[in-house]
Amino acid sequence: MRAGLRLRLNRLLGTADWRPPGMSPTAVLIVRHLADPLPGQLAATPTAVRPPIAWETAVQQQLAQLARHATRPYRGHLPPDAIKAAAVLFADEAEMLACLALDAARGLAADRWWWLALRRARPTLPLHEPAHLLRQDPRLTPAILTCLHEWGHTAAIAAILPIDQAVAVLTAVTHACQLPRLPALSPVLPPAPPHPAAAAPAPPWDTFLPPTAVPAAFSATHTCLLGLSLSLTRRAAAVRTAVFQRELLSWWQAASQPAPKTPPHSAPPPAHPAPPDQPAAALTPGISLQTLAVAPRPLSPQPTPIAPRPPRAPTGLARANPAPPTTPTSAKEPAAAAPATAVTASAPQSRPPTAPQTAVYLAEGTFTQLGGIFYLINLMARLDIPACYEETWGLASQVGAWGTLALLAGGLLEPMPGPLQDDPIWAALAELDGRCPDPPHPTPTTHQAAWLAHALPDFRTRLLALLRLNDPAQLVETLLLAQANLHLTTTHVDLVMRLAAISLPVRLAGLDFDPGWQPAFGRVIQFHFR
C-alpha cells in the first residue's frame, strides 16, 4: 500500500507545473526545504490526473518567494552564509556546473547542501571529479569554460583538467560542435620533426579575442580548448566557416609539435664563418646554445598587444553567387584589452579583439515588443544563412549569425517607427553579437548595406509566401510585433509569451516552432507560450 501510494504521488507530482511565473525558463533553483502550502489538498487518489489548481498555484507562489530571496553566486563563489540559505539560484545549467567544478576542485562539493541535493536528483553527477563534469554534455563545455574565464578563474582550468582529461574534453567538444577532428590528438605529443619548423601561425581566434584571453603558459591542448570555447560562445558562426577551420588545423599542427632541441655538444655551423685572423663572437657567460634553444621567454607583466589581422578572404560554399561589393571592408582597428568583468564597447562596423561578458544581466528577463524577430531564425536555418553567403560576402565570419539576424530584422522594419528603435531587443542582439549596445539600433556599414540590398528582397518574398500574405507591410504586424519577455544566458535564448499571442499564420508557417540547438548561433533557442 505504501509503495503504491508513493508511485501515485510521483506520478501526480510529475504532472505539476513547478516553475514560478516570471522566472527564467533556464534558471536552476535548488530548494533546501519546501513545506506543503495547503495541507490536505493534495489527494493521491487512483483517479487523480494532476494536482488541484489551487495547490499548484500555492506551490508556485512559495517557490517564487524562495527564488526572490535565494542566494546567488558571484564570480563562481557563493557567500559563506549560503550554508544557511533556504534556496540557491543559478542563471542556467552552465553557471551551476561551473560553480560545481570550482567547488569540486577545492574538495568542498561534498560539504555543500545544494550539491548534495542536486546529487539526489542526478545520481550520476560526480562531486569529486570536476573533469568528468565537462564531459557529461560537451555542448555545455564551452559555456562552462567561458564562465570560468569571465570570473577570473582561467588558470584553474589547467588544474581542473589534467592533460589527458583535456584531450578527452577537447575531442568531445569538437565532435559535439561538428568541428574537424584535430590530428595527433593524444596526451603524448608526436616526435619532433627532423627539421626546425617555421614559426607557428597565430590561432584563428586572435581576430576577435584579446591577446591575453588564453594564458601563454597553457599547453597546446588547453590553449585550443579554451580558445575554441570562447569562440563558440561569442562567434559561433565564424567558427563554422571553412577559413576558421583551416586556420585551426594549421595552427594545431604547428602548436602541438614540441619545441626543437639542439643536440648536446654540437653547434650549428655559422652561416658566415669568421676569417682565420678574426675570433668568433663569444657567447654570454653562463648561457649555452642548448639553453637558448629550449628556455621559455619570461612572461611580461604588460604583454604587448597583438595587432589583429585584416579580414580574411571569404571562402566556402554559397547557394547564391551575387556580385561582391565594390567597397572593401575596413580593416579592424586594434583595441586595448579590457578587464574580464567589463563589457567591451565596439562600433558596429568593427570587431575589436576583446569580447564582452555574457549577457547575464538579461537572465532575469527584459520586455520587448519585437519578440517575433526571433521567428526569423527558423527561416534562416532553412536557408542556411549566413553560411550560404560566406564565399562571396564573408557574412558568417565578418557579420555573424546574430548580426545577420539584426540586419534582416532592421531591413524588414524599415522605415522603423521611433519607439521600436529603442526597443531592448536591439541591445540584446548587440550583446549576443559582441557589439556595443549603444546606440541600440546601429546603422549598417557599406558592406552590410550592400549585402542587405541583395538578399532582403528574396528573404521578404519567402516570408510572404510562407505566411500567405500579399502586402509586405503586413509582415510587421503579423510576424515581428509580438510582446514577450526575453531571457538570455550563456547557453539559452528563451522567449516567453502569453498563449493568446500565438499567431495562426505564423503557426501554420512553422516559424514559431522551437529552433532548439543552433550551432551557428551558439545557443539553444526556445519559445514558451503560457
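Scanning all heavy atoms of the two residues, the minimum distance from G227 to L209 falls at O-CD1, 4.1 Å. Contact between P515 and F527 at its shortest, heavy atoms only, is CD-CE1, 3.6 Å. Contact between A236 and L232 at its shortest, heavy atoms only, is CB-O, 3.4 Å. Minimum interatomic distance between T491 and A143 (heavy atoms only, all atoms of both residues): CG2-CB, 3.4 Å. Contact record, W402 with L432: CD1-O, 3.5 Å, taken as the closest heavy-atom pair. Taking both residues in full, the closest heavy atoms of Q136 and T124 are given as NE2-O, 3.2 Å, listed atom of the first, atom of the second, then distance.
No side-chain heavy atom of P138 sits under 4.5 Å from any side-chain heavy atom of H175. The side-chain heavy atoms of C388 and L383, taken from C-beta on, include no pair separated by under 4.5 Å. Contact check for T174 versus L228: side-chain heavy atoms found under the 4.5 Å cut-off. Under the 4.5 Å side-chain criterion, counting only non-hydrogen atoms from C-beta, H149 is in contact with L230. No side-chain heavy atom of D206 sits less than 4.5 Å from a side-chain heavy atom of P211. Two residues are said to be in side-chain contact when any heavy atoms from C-beta on lie closer than 4.5 Å; W252 and C224 meet this criterion. Put simply, the side chain of L226 does not reach to within 4.5 Å of the side chain of H222, judged on heavy atoms. The closest side-chain heavy-atom distance from T366 to I425 is not below 4.5 Å.
A donor-acceptor contact shorter than 3.5 Å links the side chain of T171 to the backbone of V167. Using modelled atom types, one side-chain atom of E390 and one backbone atom of A396 make a donor-acceptor pair closer than 3.5 Å. Side chain of S397 to main chain of A238: no donor-acceptor pair is present (N/O by atom type, distance under 3.5 Å, no hydrogens or angles). A distance-only check finds a donor-acceptor pair linking the side chain of Q421 to the backbone of M416 [under 3.5 Å]. Side chain of W426 to main chain of L420: a donor-acceptor pair is present (N/O by atom type, distance under 3.5 Å, no hydrogens or angles). For the pair Q448 (side chain) and T445 (backbone), a donor-acceptor distance under 3.5 Å is present. Formation of a donor-acceptor pair under 3.5 Å by the D423 side chain with backbone atoms of T368 is not found in this model. With hydrogens and angles ignored, the 3.5 Å screen pairs no side-chain donor or acceptor of T241 with any backbone N or O of A237. Without hydrogens or angle criteria, H153 side chain to L145 main chain gives no donor-acceptor distance under 3.5 Å. When atom types are taken as modelled, the side chain of R235 and the backbone of G400 share no donor-acceptor pair closer than 3.5 angstrom.
In this structure P73 satisfies the side chain to side chain contact (heavy atoms under 4.5 Å, CB included) test together with L78, F90, E95, C99, sequence neighbours excluded. Checked against side chain to side chain contact (heavy atoms under 4.5 Å, CB included), A67 has the following partners two or more places apart in sequence or in another chain: L29.
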(message) Working note: L102 + L108, criterion side chain to side chain contact (heavy atoms under 4.5 Å, CB included); need CA distance, chi angles, decisive distance, verdict.
(response) CA-CA 9 Å; L102 288 176; L108 301 176; over 6 Å; no
(request) Would you check, one step at a time, whether the test side chain to side chain contact (heavy atoms under 4.5 Å, CB included) holds for L486 with F374? (result) CA-CA 10 Å; L486 176 63; F374 289 94; 3.8 Å; yes
(request) For D92 and T26, run side chain to side chain donor-acceptor pair (under 3.5 Å): C-alpha distance rounded to whole Å, both residues' side-chain angles, the deciding distance at 0.1 Å, then the answer. (result) CA-CA 5 Å; D92 60 2; T26 56; 5.6 Å; no
(message) As a quick check of understanding, evaluate side chain to side chain contact (heavy atoms under 4.5 Å, CB included) for L179 and Q245, giving each step before the final call.
(response) CA-CA 7 Å; L179 299 177; Q245 296 180 7; 4.0 Å; yes
(message) Set out, in order, the CA-CA distance, both residues' side-chain angles and the distance that settles side chain to side chain contact (heavy atoms under 4.5 Å, CB included) for T490 and T233, then state yes or no.
(response) CA-CA 7 Å; T490 53; T233 54; over 6 Å; no
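One finds the OH atom of Y74 at 12.0 Å from the CH2 atom of W151 (value rounded to the nearest 0.5 Å). The CG atom of L412 sits 11.5 Å away from the CG atom of L370 when rounded to the nearest 0.5 Å. Interatomic distance, CG of D103 versus CG of D111, reported as 9.5 Å (0.5 Å rounding). Distance check, rounded to the nearest 0.5 Å: CG of L376 to OG1 of T404 gives 12.0 Å. To the nearest 0.5 Å, atoms CZ (F521) and CD1 (I525) are separated by 5.5 Å. Atoms CH2 and CG, on W115 and L127 in that order, are 9.0 Å from each other to the nearest 0.5 Å.
Contact check on E93 versus R139 returns no salt bridge, with no Lys/Arg side-chain nitrogen under 4.0 Å from an Asp/Glu carboxylate oxygen.
A donor-acceptor pair shorter than 3.5 Å cannot be found between the side chains of S229 and T146.
Under the 6.0 Å distance and 45° angle rule, R523 does not count as a cation-pi partner of W517.
For W393 and H447, the distance between ring centers is under 6.0 angstrom.
Around the NE2 atom of H77, the shell of radius 6.0 Å holds more than 12 heavy atoms that belong to other residues, nucleotides or ligands.
Using the six-membered ring where Trp is involved, Y389 and H454 have ring planes that are perpendicular, over 60° apart on the 30 and 60° scheme.
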